[in-house]
S.K.: 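To start, I am sharing the structure in question, which I have written as C-alpha cells.
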Amino acid sequence: MPELPEVEVVKQSLEKKILNLIIKKVKFNDINLRYRLNKGGFSKIIGKKFKKIKRRSKFLIFEIERNIYMLVHLGMTGKFFFIDKKNIKYKTSFYYTINQKKDQKHDRVIFLFKNNQKLIYNDVRKFGFIKLYNRSEFEKNFHLKKLGPEPLERDFNFRYLKEYFFKRNRSIKNILMDQNCIAGLGNIYVNEILFLSKIKPSRKVVSLNDIEIEKIIKNTKRILNKSIKSGGSSIKDFSSDNGKKGLFQQHFKVYGRKGKKCSNVDCNNNITKSSISNRATYYCNQCQK
DNA sequence: AGGCATGTTACAGG
DNA sequence: ACCTGTAACATGCC
C-alpha cells in the first residue's frame with residue numbers, strides 16, 4: 001500500500017500524536033511479522049519516549065531515548081492507529097477508514113503509554129516489520145545502506161539520473177522501482193510517473209533522451225508532492241461500512257485502468273495492462289512512446 | 001476456485 | 001559484475 005507519500009503522511013500524523021509519551025508496556029498479539037519480533041528486546045524501551053520520527057524511503061525511523069532506534073517498514077498493508085484517553089481510535093492517515101471489528105483482528109503490536117493512550121501497529125498481510133537497534137547497530141543495518149537518493153531531495157537530479165542510466169540495459173519501469181536507484185517509489189507511482197512523462201514503461205533507459213530524463217524527474221517530484229499534500233493517495237479505502245467509495249480510483253490516471261479510456265482528453269485509446277518485472281504495468285499505447 | 005494485490009529479498013541462470 | 005525471472009512471505013478480496 002504505502003509508497004513514499006503515504007509513509008510521509010503516516011510520519012507526520014504520528015508526530016502529532018505520540019512524541020514524548022512515556023511507554024508503559026508493549027503488547028504482542030502476533031510476533032511473526034516479516035521478521036520475528038524479539039519480545040524481550042522491547043523491555044529496554046519501557047519507561048522511555050519516542051523523541052523523534054524520521055522517514056527514509058518507505059522506512060520509518062523512531063528515535064527513542066538513550067540511542068535506541070526503532071525501524072519500521074509497513075510492507076504492503078501495515079498501518080498505525082492511535083487511541084486516545086477517551087478510547088477514540090484515530091487513523092494515522094486519511095486513506096484508511098476505521099472499521100473496528102475488521103481492524104482489530106490484525107492488530108499485531110500495541111504500545112501502551114503511561115497516560116493510557118495507545119499506538120497500534122496493524123498489518124493484514126504481515127509483510128511489514130519492526131526492529132529495535134542501538135545506535136551502532138542501527139548505523140550498520142543493511143536496510144538503509146544501499147538506498148538511492150530521496151526523490152524530493154536535490155541530489156535526485158538530471159546529472160544523477162543520467163549517470164545512473166549510462167550503460168544500464170534495463171527498462172525505465174524496472175529501474176524506477178529499484179530502491180538503489182531512487183528510494184521510495186513503488187509500482188503505483190512509477191506507472192503514474194511514466195504516464196505523465198509519456199514514456200512507455202518497457203523503454204530501455206539507454207534510449208531515453210535528455211528531455212525525457214528531465215520530464216521523469218519533474219513529474220516524480222510533482223506527483224509525490226501533490227500526493228503528500230492531499231494526504232497520501234495510493235491506497236484503496238477498503239472499509240465497506242460507510243458506503244463511501246475509496247479515493248483510490250479518482251486519483252490515478254493509469255494505474256488500475258485496464259481497458260478504460262486514456263485519461264488524456266485528446267486520446268481515444270484504451271489503457272493496456274502488461275507485466276514488467278513481475279508487476280502490473282499500465283500504459284497508453286498511443287500517448288506513451 | 002483461481003488470480004491478483006501498494007514490498008522486499010534470495011536465488012538460479014544467462 | 002550485470003541483468004532477468006521466479007518464488008517466497010501471509011492474508012483477503014473479486
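Just so we're on the same page: letters track the sequence lines, and every chain starts at 1. Computed from a prediction, not measured in an experiment: that's the story for all the values here.
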S.K.: Can you tell me the Watson-Crick or wobble partner of dA10(C), both distances under 3.5 angstrom?
M.R.: none
S.K.: Taking only the side-chain nitrogens and oxygens of Lys105(A), find out if one of them lies under 4.0 Å from OP1 or OP2 of dA10(C).
M.R.: no
S.K.: So, OP1 or OP2 of dG7(B): does either fall under 4.0 Å of a side-chain N or O from Gln179(A)?
M.R.: no
S.K.: Under 4.0 Å between any heavy atoms, over every strand shown, what does Lys146(A) touch: base, sugar-phosphate, or nothing? Just pick one.
M.R.: nothing
S.K.: Between Arg34(A) and dT9(B), is there a side-chain N or O to OP1/OP2 distance below 4.0 Å?
M.R.: yes
S.K.: Over 60° means perpendicular and under 30° means parallel, so classify the ring planes of Phe50(A) and Phe113(A), tilted if in between.
M.R.: perpendicular
S.K.: Base, sugar-phosphate or nothing for Phe142(A)? Non-hydrogen atoms, less than 4.0 Å.
M.R.: sugar-phosphate
S.K.: Does Arg170(A) reach a base, just sugar-phosphate, or nothing at all? Heavy atoms under 4.0 Å.
M.R.: sugar-phosphate
S.K.: Touch check for Arg36(A), heavy atoms < 4.0 angstrom, all strands: base, sugar-phosphate only, or nothing?
M.R.: nothing
S.K.: If only atom types and distance count, is the side chain of Asn134(A) paired as donor or acceptor with the main-chain N or O of Ser136(A) below 3.5 Å?
M.R.: yes
S.K.: Whether Lys126(A) contacts dC9(C) is assessed here as follows: a side-chain N or O lying under 4.0 Å from the phosphate OP1 or OP2. Is that the case?
M.R.: no
S.K.: Touch check for Lys258(A), heavy atoms < 4.0 angstrom, all strands: base, sugar-phosphate only, or nothing?
M.R.: nothing
S.K.: What's Asn278(A) touching, base or sugar-phosphate or nothing? Going by heavy atoms closer than 4.0 Å.
M.R.: base
S.K.: By nearest nucleotide on DNA chain B, pick out whichever of Arg125(A) and Met177(A) is the more 5' one.
M.R.: Arg125(A)
S.K.: Given dG7(B), dA5(B), dC3(C), identify the nucleotide with an atom nearest to the side chain of Asn187(A).
M.R.: dG7(B)
S.K.: Quick check on Lys146(A): does its NZ atom have over 12 non-hydrogen neighbours (other residues, nucleotides or ligands) under 6.0 Å away?
M.R.: no
S.K.: Assess whether atom NZ of Lys52(A) is packed by more than 12 heavy atoms of other residues, nucleotides or ligands within 6.0 Å.
M.R.: no
S.K.: Using a cut-off of less than 4.0 Å, is there contact between a side-chain N or O of His106(A) and OP1 or OP2 of dG12(C)?
M.R.: yes
S.K.: Do we count Phe127(A) as stacking onto dC9(C) if the rule is ring centres under 5.5 Å and planes under 30°?
M.R.: yes
S.K.: State yes or no: do Ile61(A) and Ile130(A) share one hydrophobic cluster built from I, L, V, M, F, W and Y residues joined by side-chain heavy-atom distances below 4.5 Å, directly or via other members?
M.R.: no
